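Computed from a predicted model, the values in this text were never measured in an experiment. Residue numbers begin at 1 in each chain, while the letters A, B, ... track the order of the sequences. As a basis for the values below, the full set of heavy atoms in this structure was taken, side chains included, without hydrogen atoms, waters or symmetry mates.
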Protein chains: 2
Amino acid sequence: MEHINYKEDTEALARFAKALGHPTRIAILMYLENQSCCFTGDLVEVFPLAQSTISQHLKELKLAGLIQGELKPPKIKYCINHENWETAKALFSSFFEIHVADNACTS
Amino acid sequence: MEHINYKEDTEALARFAKALGHPTRIAILMYLENQSCCFTGDLVEVFPLAQSTISQHLKELKLAGLIQGELKPPKIKYCINHENWETAKALFSSFFEIHVADNACTS
DNA sequence: ATTTTATATCGCAAATGTACGATAAGAAAC
DNA sequence: GTTTCTTATCGTACATTTGCGATATAAAAT
């Protein structure tokens, strides 16, 4: 597997996007937006997926930096990582801001 | 493979995110933002990837609706699909707007 | 110390993604 | 009609992702 070196922002944006690239993970984050936090078990009740599958999705979201886990033994409380959330938001926001000249498509 | 039925917006957002989930595709779209349009061959010169690989990435971006191809025989001119772009932008934008009460994380 | 509770990790199978070279397809130019 | 140019598609190899059940871990409660 060759690895091209893109600009750090490009890589970062792609990493965030990849983490968001599954409906279950989007739904988990939306749930977290409403609840502000939750335990793994809450999600297992909400989604028709095995506990191990939920845990795996949480792991990916944590790895991407979009959520963080806090130990509340014997549970783990997950919240959105607001700092990285803002970073992702800013990256997507600036990415989608296009300013194309209207007459540019003439070739 | 079980298929959970999420809300259409959730699915749509995940589809867009998935399409953006590779640095090469992000870079292609950034290139298109600057150039406003381009041919496949342009990209093959810019990226150290085989022509078939570039073509595959373009196919995915087209399938996701983020770009569109216009026949300019013998070439194909690719531009950003502005209508869907705005849709994606709106989806990401509203997704990232969180309004969490400060005192919510108390459980 | 054993049991209970909550979550993570392992091992597996199936599906999907990424990259390549080779080949096909389409239109233009000769 | 053959050649040329540009792009798409095919076939293949390897890596990653997604899902599950089973098992491990870690702390609390008994």
Between B:Tyr78 (OH) and D:dT7 (C1'), how many Å, whole number?
-> 7 Å

Kindly give the heavy-atom pair with the smallest separation between A:Ile80 and A:Gln68, and that separation in Å.
-> O-OE1, 3.5 Å

Going by the salt bridge (charged side-chain N to carboxylate O under 4.0 Å, His left out) test, which pairs reach into residues 41-50 of chain B, not counting sequence neighbours?
-> none

In numerical order, the residues of residues 55-70 of chain B whose heavy atoms come under 4.0 Å of DNA chain C are B:Gln56, B:His57, B:Glu60

By side-chain contact (heavy atoms from CB on, under 4.5 Å), A:Ile54 pairs with (sequence neighbours left out) A:Thr40, A:Leu43, A:Val44, A:Phe47, A:Leu49, A:Leu58

Rounded to the nearest angstrom, tell me the gap between atom CZ in A:Phe39 and atom P in C:dA8.
-> 12 Å

Base, backbone or nothing for each nucleotide of nucleotides 21-30 of chain D, written B, S, -, heavy atoms under 4.0 angstrom, 5' to 3'?
-> BB----S---

May I have the distance from B:Leu43 (atom CG) to C:dA19 (atom P), rounded to whole angstrom?
-> 14 Å

Of all residues at least two apart in sequence or in a different chain, which pass the side-chain contact (heavy atoms from CB on, under 4.5 Å) check with B:Ser55?
-> B:Gln51

What is the distance from CG of B:Leu49 to C1' of C:dT18, rounded to the nearest Å?
-> 10 Å

Excluding sequence neighbours, so at least two apart, what forms salt bridge (Lys or Arg N to Asp or Glu O under 4.0 Å) with B:Glu86?
-> none

Residue pair A:Leu32, A:Ile67: steps toward the side chain to side chain contact (heavy atoms under 4.5 Å, CB included) verdict | CA-CA 9 Å; A:Leu32 278 177; A:Ile67 65 174; 3.6 Å; yes

Distance-only, no hydrogens or angles: does the B:Asn81 side chain make a donor-acceptor pair with backbone N or O of B:Leu66 under 3.5 Å?
-> no

In whole angstrom, what separates A:Ile28's CD1 from C:dT7's P?
-> 13 Å

Sequence neighbours left out, what passes side-chain contact (heavy atoms from CB on, under 4.5 Å) with B:Ile76? Give chain and number order.
-> B:Leu71, B:Tyr78

d(CG, A:Asp42; C1', C:dT7) in whole Å | 12 Å

Of the residues in residues 14-26 of chain A, which ones touch DNA chain D at a heavy-atom distance under 4.0 Å?
-> A:Lys18, A:His22, A:Arg25

Sequence neighbours left out, what passes ring pair (Phe, Tyr, Trp, His ring centres under 6.0 Å) with B:Phe92? Give chain and number order.
-> A:Phe92, A:Phe96

Which pairs pass salt bridge (charged side-chain N to carboxylate O under 4.0 Å, His left out) with one or both residues in residues 10-29 of chain A, sequence neighbours excluded?
-> A:Glu8-A:Arg15, A:Arg25-A:Glu60

Under the side-chain contact (heavy atoms from CB on, under 4.5 Å) test, residues paired with B:Ala90 that sit two or more places apart | none

Mind running ring-ring contact (aromatic ring centres under 6.0 Å, His included) on A:Phe95 and B:Trp85 for me, showing each step along the way?
-> CA-CA 11 Å; A:Phe95 175 74; B:Trp85 189 271; 5.3 Å; yes

Secondary structure string for DNA chain C (Watson-Crick or G-U under 3.5 angstrom, | for other-strand pairs) = ||||||||||||||||||||||||||||||

Heavy atoms only: give me the nearest B:Ala64-B:Ala19 pair and the separation to one decimal.
-> CB-CB, 3.5 Å

